[in-house]
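Written out below as structure tokens is the structure these notes cover.
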Amino acid sequence: MANIKLYGIIFVVLGLISTTQFLVESFLPDGLYWVGLVAILALSTGKAIAVAGYYMHLVEEPRSITYLALSGVLCVVALTAGAGYSVV
Amino acid sequence: MSDHLPPKSSVKRWLVTTNHKDIGILYIITSLFFLVFGGILAFMIRIQLWNSGAVILSDLGYNQVVTAHGLLMVFWFLSPFAFGFANYLVPLQIGADDLAFPRINAMSYWLYLSSGVLFGLSFFQGSTLPTGWTLYAPLNLPAFIPSVAEIGAFAGILALAVFVASVTLGSVNFLTTMYRMRAEGLRMRDTPLFSISILLTVWMMLFAFTALLGAVLLLSFDHIFAGTQGSGYFGSAEGGSLLWTHLFWFFGHPEVYIVFFPALGVMGEIVQTFSGRRLVGRKWFIIAMALVAIQSFIVWMHHMFLTSINLPIKTVMMVTTIGISLPFDLMIFALIYTMIKGRVRWKTPFLFVLGAILLFILGGITGVFLGAIVLDYSFRGTYWVVAHFHYVMASGAVALIGGMYYWYPKITGKMYNEFLGKVHFAAAFIGFNLLYFPMFIVWETPRRWFHYSAGFTFWHQTASVGALIFGASFLVMFYNLTASLYSDRDVDESPWAYTGSAEWSVSSPPPEGNFPGKPSFATGKLNFLEGPATDGGEAQTDGGVAAAAEAAQPEADHTSWWPLILCATGLVTAIGISGISESYFIWPFVLAIPFFIAFVAMKGASTDGFGIVHAIYLMAAGPMLAAFLLVFHLHHGFPGGMFAANTYFWVTLVGIVSGVGALVGMGFESFFAPEPELAEQWPFEGVTNTKLGMWVFIASDIVLFGALIGSYLFMRLRAGWREWWDIAHANGLETHAVWPGLLNTYILLASSFTVVLALAYAERGNKRRTVGFLTLTFVGGIAFLINKGIEWVEYYFHFEWTFNSGPAASTYFLTTGLHAVHVVIGMLILLFLIARAAMGAYWSEGEDALTLEYFGLYWHFVDIVWLFLFPLFYIL
């Protein structure tokens with residue numbers, strides 16, 4: 001049976017992280033752009049993990065389902081990293 | 001509601017069947033038709049090359065023929081031919097009654113046929129694609145395609161998109177089936193080699209073809225919205241031909257193995273059977289195949305040595321390419337050593353496989369030349385590539401032909417004529433080598449060009465004679481296989497000695513339910529437990545309305561008209577889109593929405609009984625249609641408006657409106673496809689077939705969005721990461737606020753929250769809250785789209801920052817647009833779910849809440865995508 005309270009807490013946390021991303025963009029000095037970039041993408045990744053883990057119930061599913069999803073992510077990383085590196 | 005299958009003599013059977021064996025036969029016959037189609041085009045090429053310079057075809061005609069030959073053979077013959085056998089044999093080999101989602105399997109086939117028909121029709125729309133099968137940019141762009149070919153070329157591109165849809169559905173189906181429906185005791189490692197090869201093939205297909213879909217989507221965007229040189233994805237300096245080659249070959253290299261792997265499985269099966277012994281090093285053979293499947297995604301840039309990619313990455317790709325040849329060496333040695341250790345019987349299937357191995361060795365060795373950077377500089381774009389490529393691809397085809405002879409008795413119950421089979425092999429093998437080996441000798445002939453040095457004439461004429469012999473050999477095959485159907489050479493379970501896989505343990509052809517009882521390998525060999533195999537365990541609805549759960553032992557369904565109807569409407573829609581103009585493009589889809597709502601109301605009322613929700617839908621659909629028509633007319637101006645649209649607009653409108661009707665019909669159809677009670681399900685125990693299918697689909701969708709996001713990152717890196725928005729401002733983007741993106745993030749997160757709440761309350765049996773939270777989710781979708789719409793209107797109309805306004809505009813509009821399309825699709829599904837939930841579905845029966853969970857998986861995934869679009873397109 002789903003835990004409604006847990007869903008609520010996760011929703012609040014996701015909203016706060018999104019606000020944090022906005023604040024990082026708004027107030028971080030220009031000289032720290034790359035630090036901000038890493039932080040913002042890391043926060044997005046964290047949000048995605050929370051949604052996948054709890055709203056999509058990956059934490060409760062066999063671990064192989066997680067690996068299945070990660071295999072798609074791995075393909076994207078290979079394509080993007082390879083293509084990106086080829087032109088830098 | 002479906003019923004029993006009509007007899008095989010009835011045409012209706014072949015239109016409505018969802019049975020895997022029937023669909024396998026349909027695939028095989030259809031793919032052989034495309035073999036003939038592509039073969040005739042190949043003859044035209046060889047006639048054109050009889051002498052240097054034009055013989056029978058114009059420049060554009062030759063370009064079309066070369067392109068269509070390549071595409072038809074690679075996409076519409078080779079893989080579908082293999083998947084005809086896969087459809088027929090995999091469930092038999094693993095001890096399953098059918099594939100996990102029979103209706104979706106039928107849809108895969110009809111989509112495949114639709115895509116082929118669409119491609120064939122493109123010849124009659126002025127001209128089909130004249131680009132070469134690789135569709136290299138900028139030749140694939142409207143600016144570089146002769147105006148007469150513009151519509152036909154785009155139809156060809158759309159045909160590829162429809163084909164990918166078929167492949168993706170097939171991949172989801174096969175992966176779910178093979179992981180969840182293996183007979184008791186059948187470990188994955190013990191699965192017959194052909195099925196193992198199909199498993200690895202569909203893994204590659206799932207990701208590689210989705211990358212191609214991404215590429216085709218970008219290309220379609222360029223065709224519809226950004227046709228001018230210097231804009232869009234592949235016409236711009238930031239994307240350009242390099243972006244196309246990356247996307248295409250990320251798909252294209254695994255595609256070689258996608259074509260070849262089923263042939264490897266066939267080789268393994270046939271070598272074992274006709275050598276009379278188990279494959280030497282079977283475990284390592286399988287490991288080698290798995291290694292190749294993984295490595296296939298990290299070698300793609302060896303096709304790009306002549307592009308501007310840097311030397312370090314070329315070197316890496318050269319190493320990985322050499323590396324990928326090693327597992328192949330192991331596999332070939334295993335096959336050869338098995339023959340040496342066994343006692344070979346020289347039957348037709350074995351001859352074809354032996355021939356295929358020889359061809360593959362030659363094709364493989366000549367391919368290693370192309371993997372070396374320095375040699376590739378000379379060989380690229382020459383007939384060396386043509387010869388190498390055909391040796392590899394045709395070795396796959398030749399092995400599959402061997403497979404056809406091997407399983408022909410199983411499928412038909414009749415034995416072919418052995419003598420004619422050997423004649424076919426001898427003529428095909430001699431003809432093929434006469435056709436392609438001379439190309440190595442005159443390798444300096446430029447590829448895709450019909451002018452060559454006069455000194456090469458003899459060899460090209462020799463090749464043309466070889467083509468004639470090679471083609472004629474297939475006439476022998478067609479005669480043999482057709483005449484044998486009417487012969488008295490009946491076979492029982494197996495005409496071969498030393499067969500080991502399960503399909504040979506049942507009659508030829510196998511009975512409708514496949515097995516006389518529940519297959520089990522629990523004792524280490526195949527047994528049939530008492531009771532019919534199809535009495536079913538947990539009900540799966542294959543996307544439709546849950547079948548009556550109270551029925552104690554419902555029979556599995558085997559027929560449905562909807563896959564055929566749905567795919568036919570898809571074909572009509574695609575034909576329409578191929579010639580629709582930019583300003584009219586969106587409108588058929590918008591106008592179809594009220595029809596969808598009305599169809600849900602009417603079909604829902606007739607299925608579940610009339611309720612208030614249906615009345616609301618009906619009352620909303622009419623005014624909504626009127627409002628859309630008004631906006632449409634305002635946008636296009638009176639008095640022209642809709643009536644000034646060309647025929648393609650009307651064709652699209654008819655196609656999409658009938659398509660949504662078919663979707664609703666299929667959604668409400670009760671279709672029961674049982675999960676087996678006893679099955680090996682490692683490593684996906686504890687989830688249902690549908691849930692696993694959803695996750696497989698999501699994995700492919702990750703790659704689709706990944707291809708778009710990756711393209712954005714690639715273009716931004718080339719443009720200069722931090723100069724990106726400066727370029728956008730220079731191109732007309734006056735301001736770029738972050739807060740609309742933040743607002744939409746809040747909205748989507750909230751809608752994800754309401755979806756899980758709907759699920760939670762459905763599990764608690766609370767109908768009111770279930771319907772309420774589903775409705776709130778729908779409202780969230782509307783809010784998201786309104787916010788997004790305001791932003792688009794601001795950019796597009798006020799700033800005149802349009803699809804054509806540089807790379808930032810193209811990537812922004814297409815990526816966020818595709819995401820918005822996902823939201824809209826989710827909202828349409830929500831309308832369906834709300835209507836059914838309001839009438840008592842999903843909450844009255846505990847298990848039915850799973851339907852909401854499956855929808856939630858999709859919706860949350862769309863949410864996750866936005867979590868990355870928000871920083872990439874708003875913050876950074």
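Bear in mind the structure is a predicted one, so any value in this text is a computation, not a measurement.
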Got B/L872 and A/L41 here, is their nearest side-chain heavy-atom distance under 4.5 Å?
yes
Does either side chain, that of B/H860 or that of B/S752, offer a donor lying less than 3.5 Å from an acceptor on the other one?
yes
Which portion of B/I875 sits near chain A, non-hydrogen atoms under 4.5 angstrom:
both
Please check if the side chain of B/Q681 supplies one atom and the backbone of B/R180 the other of a donor-acceptor pair under 3.5 Å.
yes
Does the side chain of B/T176 pick up a donor-acceptor pair with the side chain of B/N689 at under 3.5 Å?
no
Applying a heavy-atom distance below 4.5 Å, give me the residues of residues 20-29 of chain A that approach chain B, sorted by number.
A/Q21, A/F22, A/E25
Structural part of B/I309 lying under 4.5 Å from a heavy atom of chain A:
both
What part of B/M301 is in contact with chain A, defined as an atom under 4.5 angstrom from a non-hydrogen atom: side chain, backbone, both or neither?
side chain
For each of B/F861, B/W695, B/Y761, tally heavy-atom pairs with chain A at distances under 4.5 Å, and name the one with the top tally.
B/W695
By a 4.5 Å heavy-atom criterion (distance strictly below it), what part of B/L242 contacts chain A: side chain, backbone, both, or neither?
side chain
B/W859, B/F207, B/F870: which one forms the most heavy-atom pairs within less than 4.5 Å of chain A?
B/F207
B/F250 versus chain A, the contacting section by heavy-atom distance below 4.5 Å:
side chain
Out of A/A83, A/G72, A/A48, return the one with the most heavy atom pairs under 4.5 angstrom to chain B.
A/A83
If I measure from the heavy atoms of chain A, does B/E685 come under 4.5 Å with its side chain, its backbone, both, or neither?
backbone
Residue by residue, which of residues 8-15 of chain A have a heavy atom closer than 4.5 Å to a heavy atom belonging to chain B?
A/G8, A/F11, A/L14, A/G15
So for B/L867, is it side chain, backbone, both, or neither that comes closer than 4.5 Å to the heavy atoms of chain A?
both
Which bit of B/A211 comes within less than 4.5 Å of chain A, counting heavy atoms only: side chain, backbone, both or neither?
neither
Got A/E61 and B/V687 here, is their nearest side-chain heavy-atom distance under 4.5 Å?
yes
Given a strict heavy-atom distance threshold of 4.5 Å, which part of B/L749 is in contact with chain A: side chain, backbone, both, or neither?
both
Part of B/W682 lying under 4.5 Å from any heavy atom of chain A:
neither
